[in-house]
Amino acid sequence: MNEIVVISIGGFIGAINRFVISKKLQNSEGFPIGTLTVNLMGAFLLGMIFGLEVKGTLYSLLGIGFMGAFTTFSTLMLEAVKLKQVEKKKLYYSYLLSSYILGIMLTIIGLWLGRAI
């Protein structure tokens, strides 16, 4: 039961942070920079958490709770579909490519940095 409470606390903090960061960065030009930023930050941080070999309650708080609520794959997919529906193909492809390519790169960098510390 304690683990559920810890995950819930992390999730609450992660969701609030995602909301605040996404709203501050989002622009009206159509490109979902807020979600992209949050997901790239999340990729880096989760790689770092893994690289640091965080375990136990701290992993439940940060890795499962916070990061699970902070990053948002479903929003990424919804925003990509919306861009495609309004025929913003350039934004659609740049959003997906930057999300995946930069996300993988930042996860690797975070993992490497976490192991180096």
Side-chain angles (χ1 to χ4, degrees):
M1 187 64 159
N2 286 341
E3 189 172 20
I4 292 172
V5 172
V6 169
I7 292 169
S8 299
I9 292 168
F12 174 77
I13 296 167
I16 297 300
N17 277 280
R18 178 183 76 211
F19 175 78
V20 170
I21 292 169
S22 291
K23 288 298 176 192
K24 280 191 179 215
L25 296 178
Q26 201 57 43
N27 60 35
S28 60
E29 296 183 26
F31 190 83
I33 191 69
T35 303
L36 177 65
T37 301
V38 164
N39 285 339
L40 294 179
M41 287 173 62
F44 172 76
L45 292 171
L46 193 55
M48 196 162 175
I49 288 167
F50 188 77
L52 288 167
E53 298 182 11
V54 174
K55 297 196 183 342
T57 303
L58 188 56
Y59 182 78
S60 293
L61 177 73
L62 299 175
I64 299 170
F66 182 85
M67 298 310 302
F70 184 68
T71 60
T72 174
F73 186 77
S74 58
T75 302
L76 182 152
M77 293 296 112
L78 178 63
E79 290 173 341
V81 167
K82 284 181 179 179
L83 288 173
K84 189 164 185 164
Q85 285 177 339
V86 296
E87 298 186 15
K88 292 188 176 186
K89 290 182 182 177
K90 204 176 207 180
L91 290 178
Y92 169 76
Y93 287 113
S94 62
Y95 182 48
L96 286 179
L97 287 172
S98 58
S99 293
Y100 284 102
I101 292 170
L102 293 174
I104 290 168
M105 289 172 54
L106 286 168
T107 301
I108 292 169
I109 292 169
L111 181 63
W112 173 81
L113 187 61
R115 287 182 176 164
I117 294 178

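- Two residues are said to be in side-chain contact when any heavy atoms from C-beta on lie closer than 4.5 Å; I16 and F12 meet this criterion.
- Between P32 and E79 the shortest heavy-atom distance is CB-OE1, 3.0 Å.
- Under a hydrophobic clustering in which Ile, Leu, Val, Met, Phe, Trp and Tyr are joined whenever their side-chain heavy atoms come within less than 4.5 Å, directly or via other members, F50 and L52 fall into different clusters.
- No path of Ile, Leu, Val, Met, Phe, Trp and Tyr side chains, each step under 4.5 Å between heavy atoms, connects V86 with I33, placing them in separate hydrophobic clusters.
- The two residues A15 and A69 come nearest to each other via the heavy atoms N-CB, 3.6 Å.
- Residues F19 and M67 are members of one and the same hydrophobic cluster, defined by side-chain heavy-atom contacts under 4.5 angstrom among Ile, Leu, Val, Met, Phe, Trp and Tyr.
- With rounding to the nearest 0.5 angstrom, the OH atom of Y59 is 9.5 Å from the CD1 atom of I7.
- Contact between L76 and T35 at its shortest, heavy atoms only, is N-CG2, 4.2 Å.
- If you chain together hydrophobic residues whose side chains sit under 4.5 Å apart, V54 and I117 fall into the same group.
- Interatomic distance, L61 CG to I13 CD1, rounded to the nearest 0.5 Å: 6.5 Å.
- Here M77 contributes atom CE and K82 contributes atom NZ; the two are 13.5 Å apart, rounded to the nearest 0.5 Å.
- Without hydrogens or angle criteria, T107 side chain to A43 main chain gives a donor-acceptor distance under 3.5 Å.
- The structure places CG of L97 at 9.5 Å from OH of Y92, a figure rounded to the nearest 0.5 Å.
- With rounding to the nearest 0.5 Å, the separation of CG in L106 from CG in L111 is 12.0 Å.
- Distance check: K88 NZ to S94 OG gives 11.0 Å after rounding to the nearest 0.5 Å.
- Shown here for A80 and L96, the closest heavy-atom pair between the two residues is CB-CD2, 3.8 Å.
- The two residues V6 and T57 come nearest to each other via the heavy atoms CG1-O, 3.6 Å.
- No more than 12 heavy atoms of other residues, nucleotides or ligands lie within 6.0 Å of CD in E3, so this atom counts as exposed by the packing criterion.
- Here the closest heavy-atom approach between residue M41 and residue I21 is recorded as CE-CD1, 4.1 Å.
- Of the candidates I49, N17, L46, N17 is the only one forming a side-chain contact (heavy atoms from CB on, under 4.5 Å) with F66.
- The ring pair (Phe, Tyr, Trp, His ring centres under 6.0 Å) search around F31 returns Y95, not counting sequence neighbours.
- Y100 and L78 are not part of a single hydrophobic cluster, where members link through side-chain heavy atoms under 4.5 Å apart.
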